[in-house]
Structure formats: C-alpha cells, structure tokens
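Presented below is the structure to which this report refers.
The chains referred to below are lettered A, B, ... by the order of the sequence lines, with proteins before strands, and numbering in each begins at 1.
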Protein chains: 2
Amino acid sequence: MAKEAKDSGRKERDKSGWQAQKSAMMRDTILDAALDCFVTIGYANTTTARIAERAGVSRGAMLHHFPSKSELMQAAVEYLHQKLVGLYASHIEKVPLDLPVDERNRAGLEGYWTYLRSDLYVAYHELCVAGRTDPELQDILEDSIARFDEAIVESNRRLFPEWSERGELYELAMDITKFLMEGMAVSQIVSQREKRVNRMIDYLGDRLEEIFHEGDEVGAAIHRHSLRK
Amino acid sequence: MAKEAKDSGRKERDKSGWQAQKSAMMRDTILDAALDCFVTIGYANTTTARIAERAGVSRGAMLHHFPSKSELMQAAVEYLHQKLVGLYASHIEKVPLDLPVDERNRAGLEGYWTYLRSDLYVAYHELCVAGRTDPELQDILEDSIARFDEAIVESNRRLFPEWSERGELYELAMDITKFLMEGMAVSQIVSQREKRVNRMIDYLGDRLEEIFHEGDEVGAAIHRHSLRK
DNA sequence: AAAAAAACAAACAGGACTGATTGTATTTTC
DNA sequence: GAAAATACAATCAGTCCTGTTTGTTTTTTT
C-alpha cells in the first residue's frame, strides 16, 4: 500500500541500463545453475548455497534476486518450462512436413525420444516426483504441465494434420506414445539400458500407423481392436 | 577379527526368547515406518527422527537396531524388495491357469496394474529417482531390481507357459508391457488421471495377442512389423 | 557531485539433522 | 541372584540449511 503509493510518484526505472542487463543475465545464470543442480545432484539435494556456488555468485547477491528459496524454485520451474517447450519445438521443427506419413511419424517419435533423453527432461521428472509430496511445488507444476501439453498438441497439429479428424483414435495414439515413451525414458533414468529402444520405436511407429488407418474404415471395424469396451 | 574370536567362545544367543521376538518385531515396525515415510513424505524428506516417530520408538532405540541412517536405508530397500515380490506374486497367483490365453493375458495385465498402483510401487519409484544421484543407494537398488526382474520372469513363465518358445517376440511383449504400464503408472503418480487406463490395457492386451501369434508364422512374416530393422 | 536505489557480500541466528555418548531398563546367561 | 548382554532413552556436538541483518559496492537519478 504505502510502498505502492510511493512508487507511483517516480519514473519507472530504465530497463536498458547496464544494471538492468546485468540483472537479467544474473537471473538467468542463477536459474541455469538451479536446473543444473536438479540434474546433477537431484532436486532433493539442491540448496540455495549449492545453487549460488554453481552460479558463481554469493548467497547474499542471489537472495537479492530471489528473496526466498520458494521464490527461486518457482522461477526455476517456469524457466524450465520455457526451456522444455523450446527444446521440444526445436526437435519437432526439424521434421520436414513433406515426408510421407509413416516417415513423419517415425521422425516425430525420434524427435520426441531425443527430447525425453535430455537433461531438461530429467530435471522435469525430478520436480514431478518431488511435487507428489510438496503441495506448493505441485501447484506450480500443474500449471506448467497443462501449458506444456497444449504446446504439444499445437506442435502435433502442425506436424500431423492428417490426424485432425481421427477423434478418439488420435487420443489413443497420443496416449500410447506418451506412456510408452515416457515409461521407457523413466526406465532409462533409473538405469541406463540403451538396448531395445529402436525396436520399441519401430514397433510404436507401426502401431500408430495401424491406429491411424482404423479411421479409414467406417462402422463396426472401428471397434474391432483398439476401442473395445 | 578379535571380535569374532571372542564370539566363538560362547553359545549362540537363543533366538526363541522374548527379546529375540521383540527385536524382530521392532525391526519390522521400524522398516514398515520407513516405507510409510517414503510414501507419505517422500524419500527426500525422510529423516531418522521422522521414522522413529512414525514407528513409535525413540531414536536411541532405533539406533541400536540400525546404527546409521545408511544401514537403515539399506535394510528398508531389502524389506521393500521382499514386499514387492510378495505383492506382485499375490496378484499374479490369483490368475487361474486354466483361462484361455487372451483372458489370462488380460488378467495378468490387470494384476500388474494393481501392483503398479500400490503404495509399495510408489515407494519403489521414490527410491529409484533418488538412486539416480546417490551411488550408494543405486548400488543397493540395482541388486534388488535384478532379483525382482528374475522373480517376474519366473512368475510369467508359470502363468504364460505358451510364450516359452517365442524368443524375441516374448522379449518385445515384455518390454512393451513394462514400459507402457510403468509409464502409465508413473504418470498416475505425478498427477492422478484415472481416465484412459482401461482403454490402454485393452489395447495392450490385443497387441500382446498379435505379437504372440506372430510366432505362429514362419519366415518373412516374422519380420513384417514388430521386428523390423 | 551528491543522493538514492539496486546489487552484492558477509555475518548472525535459530532450527533441523546425524552420529556419538552417556545413562537407564530389560532380558538372558551363568 | 549377580553379571553380562541387549535394548531403550536422553543428551551432546558438529554440521548444514534458510531467513534475517548489516555493511559495502555499483549504478542510476537528481
């Protein structure tokens, strides 16, 4: 209240000065360090002191930018979210739109797999698991996850326009892709087993093709396998 | 050395006395409390004080049984392993062996899903994620995981004897089941979304049936879909 | 150039955690 | 029943963590 009244009486701070630039750089440095810590030592072992050390700044300086650990974590989640969206998009954008469907499916799966094998995804998973028992973190993540899912839907709409009218088949295909590949990725996080990945991606690509072509048939055949009650 | 020489000169402690019974009960009480903590507050937030409180014993008493947190965690992992094996077996044993294959597949999947939806699995996943950044814990878990996988293989051999000669098709079926359902379970851990589970289990059951029947064909057809290079 | 604001660093304070230690109670052995 | 072993409880000590406070430096505004 009193503070806001005070602020209204002065010019807004110039955002183009060296201080402002330095502040923005500092902020990113700290947040990058936070994500690094999630990946290398785990979310559970991430302390403000460790982040400051990794960022190469003092804890006092960092506390100026993020007055509490909670605020720092919140900013880190948002920062991670932006990076994840960017990372996913960068892999998906590499897929040429003029490929035939089955090759495009396969390329999309490989892009998704590369995304799932990233450090950023590891950090994300660390946060998700921690959020199970931390309501505050969970709230932040839910918002981020919802926005990320929307971004995925948007990317897929562009990359796979032929699926746009497949309704429940599309949902099934998305589910099986998501669960199967994320299950595989989490399994890789837990213990590195590179074997079998290509076989699984091949298999999934074929299944997606089948599911898609089920939409070419009209009538009882739609319910033959995939949508059995 | 010197201690062992000393011990060899006296009778072994009677294991049937009240003290021995109480000690075993105490041990299980502590370990149950530890698993409870993993589930309710997460592995990361589990402290010796919290376990002792949950077990209803003093920290001093607990320290007698487990002289360090490390030993307690090690014992908890082993205890969890035993419980997991027992839980999985209990669900799988309920499946009547005289069911037709497709129904037995479906029943096995539902048993596996029930297992994956258990608190024990949640605890297991907490440990797996924590083990990523804790080499000591990871070592313990690797041993446990390997033994658990063997137990699964043994159970499946009994429940699905008709798969015993399907070689790589069997491996594929096991992989897709594992990754898909664990991916789904982990997704449920992270955010509770009960929808779509039955659809996915239906779909997986059908795929397993297909994969199995690919073994009925000899020649190029084996490589038509699933095992494409 | 002085004043104000922002940024940075260092130290303080209280709480939490683990392992070590000391003391007490219970059970078993002789 | 006394001694020994086991079990249990309470306290101590050192370390780490987070938030608060104080002091210094840098940048911007006046």
Give me the atom names and distance for the closest heavy-atom approach of B/Ser144 to B/Val77. CB-CG1, 4.3 Å
Specify the separation, in whole Å, of atom NE2 of A/His65 and atom P of D/dT27. 13 Å
Any idea how B/Trp163 and B/Tyr170 line up, ring-wise: parallel (<30°), tilted (30 to 60°), or perpendicular (>60°)? tilted
Is the ring pair A/His125/A/Tyr121 parallel, tilted or perpendicular, if the boundaries are 30 and 60 degrees? parallel
Between P on C/dA6 and CD on A/Gln21, what's the gap in Å once rounded to a whole number? 17 Å
Whole-Å distance between C/dT27 P and B/Met25 CE? 12 Å
If you look at every strand shown and take non-hydrogen atoms under 4.0 Å, does B/Arg27 touch a base, only sugar-phosphate, or nothing? nothing
Strictly under 3.5 Å: I want the nitrogen or oxygen pairs between protein and nucleotides 18-21 of chain C, one per line.
| unit_1 | atom_1 | unit_2 | atom_2 | d |
| --- | --- | --- | --- | --- |
| C/dT18 | OP1 | B/Lys69 | NZ | 2.9 |
| C/dT18 | OP2 | B/Thr48 | N | 3.1 |
| C/dT18 | OP2 | B/Thr48 | OG1 | 2.7 |
| C/dG19 | OP2 | B/Lys69 | N | 3.0 |
| C/dG19 | N7 | B/Arg59 | NH2 | 3.3 |
| C/dG19 | O6 | B/Arg59 | NH2 | 2.8 |

Between C/dA7 atom C1' and A/Gln19 atom CD, what is the distance in whole Å? 6 Å
Test item: A/Glu126 side-chain N/O and A/Tyr43 main-chain N/O as donor-acceptor pair under 3.5 Å: yes
Nearest to side-chain heavy atoms of A/Ser58, which nucleotide of C/dA9, D/dA9, C/dT26: C/dA9
Separation of atom CH2 in A/Trp18 from atom P in D/dT28, rounded to whole Å: 10 Å
In whole angstroms, the gap separating P of D/dT25 from CE of A/Met26 amounts to 17 Å
Starting at CG of B/Asn45 and ending at C1' of D/dC17, how long is that distance when rounded to a whole Å? 14 Å
Round to a whole Å and report the spacing from CG of B/Leu72 to C1' of C/dC17. 14 Å
Electrostatic pair A/Lys83:A/Asp119 at N-O distance under 4.0 angstrom: no
So, is A/Ser23 close to the C/dA6 phosphate, meaning a side-chain N or O under 4.0 Å from OP1 or OP2? no
Mind checking if B/Met62 touches a base, just sugar-phosphate, or nothing, with heavy atoms under 4.0 Å? nothing
Ring centroid separation for B/Phe148 and B/Tyr115, is it under 6.0 angstrom? yes
Give the nucleotide from the list D/dA7, D/dC17, C/dA6 with an atom nearest to the side chain of A/His64. C/dA6
All heavy atoms of B/Ile92 vs all of B/Ser155, minimum pair found to be CG2-CB, 4.3 Å
